[in-house]
Novice: 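Pasting a structure below so you can have a look.
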Amino acid sequence: MDGVAAMTVPLISPSILSADFARLGDEVRLIDAAGADWIHVDVMDGHFVPNLTIGPGVVKALRPHTTKPFDIHLMIAPVDGFLQAFADAGADIITVHPEAGPHIHRTVQAIRALGKRAGVALNPGTPAKMLDYLIDDIDLVLVMSVNPGFGGQSFITSQLRKIEAIRRAIDKSGRTIHLEVDGGVDLTTAGACVRAGADVLVAGTASFRGGPAHYAANIAALKAAR
Ligand code: DX5
Ligand code: ZN
């Protein structure tokens, strides 16, 4: 189990929450060129989480700046009414929280009906068993290793057990489902995430630290962390 996971080189999905918002298009180009596998976009509504960020208009404006997948993390409630707008804006993966609407299975179906990959995000207090009846219909699980709302928070270690449990459930399902970790992922925590079974790491602070001259080294170091 551990042997297989330990060999995984994770995909890195830098969160543009830590980029310079005044020059977001350039930042996306630079982080793409530095080796980002996906571009993680944190959408917050000031209601589901205590912070406000960006909407589908910004996603649409960024779309011409990269061909990398847009990994859209929706922290908005109710979420269903915005799925179409993010799909139209150029999302590739749309990830939602079960707490952001009354019918998570229906929401997942709606994302797939739009032709997009569907992800489910679990907050630190949300158990892995939430996925029991979703696993056949999703393309990604996002484990939040901080409470959603802000970049730069400390990794909550208890989430490693949840990553391990979800890795077992994914392997048992036999389906191709990404297991992504989001929050406080840096050189001290990335290795433990990969060993626990994650194959995609979101990193905001750790990707953008030090400015553009450091992006490639930041991403390479995250990929190599064990
Ligand atoms: C938190 C967001 C994360 C966050 C990650 O609500 O979902 O993507 O920006 O930031 P870092 O990597 O700085 O913890
Ligand atoms: Zn996120």
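Along the sequence shown, residues carry numbers from 1. As the structure lists them, so they are numbered: ligands from 1, and atoms in each ligand from 1.
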Novice: Counting neighbours of CZ on Phe48 that are heavy atoms of other residues, nucleotides or ligands and sit closer than 6.0 Å, is the number greater than 12?
Specialist: yes
Novice: Report yes if some N/O of Val185 lies less than 3.5 Å from some N/O of ligand 1; otherwise report no.
Specialist: no
Novice: Which of the atoms in ligand 1, numbered in the order shown and given with their element, are less than 4.0 Å from a heavy-atom of Leu17?
Specialist: 9 (O)
Novice: Note the single closest protein heavy atom to atom 1 (C) of ligand 1, along with its residue, its atom name and the distance in Å.
Specialist: Phe150 O, 3.6 Å
Novice: Under 4.0 Å from a heavy atom of His40: which atoms of ligand 1 are those, numbered in the order shown and with their elements?
Specialist: 8 (O)
Novice: In Å and rounded to the nearest 0.5 Å, what is the CZ to NZ distance from Arg167 to Lys162?
Specialist: 15.5 Å
Novice: Which of the numbered atoms in ligand 1 are under 4.0 angstrom from any heavy atom belonging to His73?
Specialist: 7 (O)
Novice: With a 6.0 Å cut-off (strictly less than), is the heavy-atom count around NZ of Lys223, excluding the residue itself, greater than 12?
Specialist: yes
Novice: Please check whether Asn147 reaches ligand 1 - meaning an N/O of the residue sits under 3.5 Å from an N/O of the ligand, judged on distance alone.
Specialist: no
Novice: Once you round to the nearest 0.5 Å, how far does CG of Asp71 lie from CG of Leu140?
Specialist: 6.5 Å
Novice: Among all protein non-hydrogen atoms, which one is nearest to atom 2 (C) of ligand 1, and what is the separation to 0.1 Å?
Specialist: Asp42 OD1, 3.4 Å
Novice: What I'd like to find out is whether the side chain of Asp186 reaches to under 4.5 Å of the side chain of Phe155, using heavy atoms alone.
Specialist: no
Novice: Short N/O distance, under 3.5 Å, between Gly152 and ligand 1?
Specialist: yes
Novice: Below 4.5 Å, heavy atoms only, C-beta onward: do Leu122 and Met130 meet side chain to side chain?
Specialist: yes
Novice: Please check if the side chain of Ser18 supplies one atom and the backbone of Thr205 the other of a donor-acceptor pair under 3.5 Å.
Specialist: yes
Novice: For ligand 1, which atoms, with element, lie under 4.0 Å from some heavy atom of Gly183?
Specialist: 14 (O)
Novice: Identify, for atom 14 (O) of ligand 1, the protein heavy atom at the shortest distance, and state residue, atom and that distance.
Specialist: Gly184 N, 2.8 Å
Novice: How about Arg161: does its CZ atom have over 12 heavy atoms from other parts shown lying under 6.0 Å from it?
Specialist: no
Novice: Nearest protein heavy atom to atom 10 (O) of ligand 1, by residue and atom, and its distance?
Specialist: Gly151 CA, 3.5 Å
Novice: Is a donor from one side chain sitting under 3.5 angstrom from an acceptor on the other, for Thr53 and Asp42?
Specialist: no
Novice: Indicate yes or no: does Asp80 engage Arg106 in a salt bridge with an N to O separation below 4.0 Å.
Specialist: no
Novice: Measure Ala203 to ligand 1 on non-hydrogen atoms and call it side chain, backbone, both or neither using the 4.0 Å cut-off.
Specialist: backbone
Novice: Of all heavy-atom pairs between Pro14 and Ile12, which one has the smallest distance, and what is that distance?
Specialist: CD-O, 3.3 Å
Novice: Sort by chain and number the protein N/O/S atoms found under 2.8 Å from the Zn ion (ligand 2).
Specialist: His40 NE2, Asp42 OD1, His73 ND1, Asp182 OD2
Novice: Of the protein's non-hydrogen atoms, which lies at the shortest distance from atom 5 (C) of ligand 1, and what is that distance?
Specialist: Asp182 OD1, 3.5 Å
Novice: If I take atom CD1 from residue Ile135 and atom CZ from residue Arg175, how far apart are they, to the nearest 0.5 angstrom?
Specialist: 8.0 Å
Novice: Output the list of atoms in ligand 1 that are nearer than 4.0 Å to some heavy atom of Met75, sorted by atom number.
Specialist: 6 (O), 7 (O)
Novice: Can you sort out which atoms of ligand 1 are near Val202, meaning under 4.0 Å from one of its heavy atoms?
Specialist: 8 (O)
Novice: Is ligand 1 under 4.0 Å from a heavy atom in the side chain of Thr205, in the backbone, in both, or in neither?
Specialist: both
Novice: Looking at atom 6 (O) of ligand 1, what's its closest protein heavy atom, distance included?
Specialist: Gly149 N, 2.8 Å
Novice: Determine, considering heavy atoms only, which of Ala206, Ser207, Gly204 sits nearest to atom 12 (O) of ligand 1.
Specialist: Gly204
Novice: Charged N to carboxylate O under 4.0 angstrom, Asp92 versus Arg63?
Specialist: yes
Novice: Heavy-atom contacts with Pro148 under 4.0 Å: which atoms of ligand 1 show up? List them by number with element.
Specialist: 6 (O)
Novice: Hey, which atoms in ligand 1 end up nearer than 4.0 Å to a heavy atom of Ser15?
Specialist: 8 (O), 9 (O)
Novice: How far does NZ of Lys116 sit from CD of Gln84, to the nearest 0.5 angstrom?
Specialist: 10.0 Å
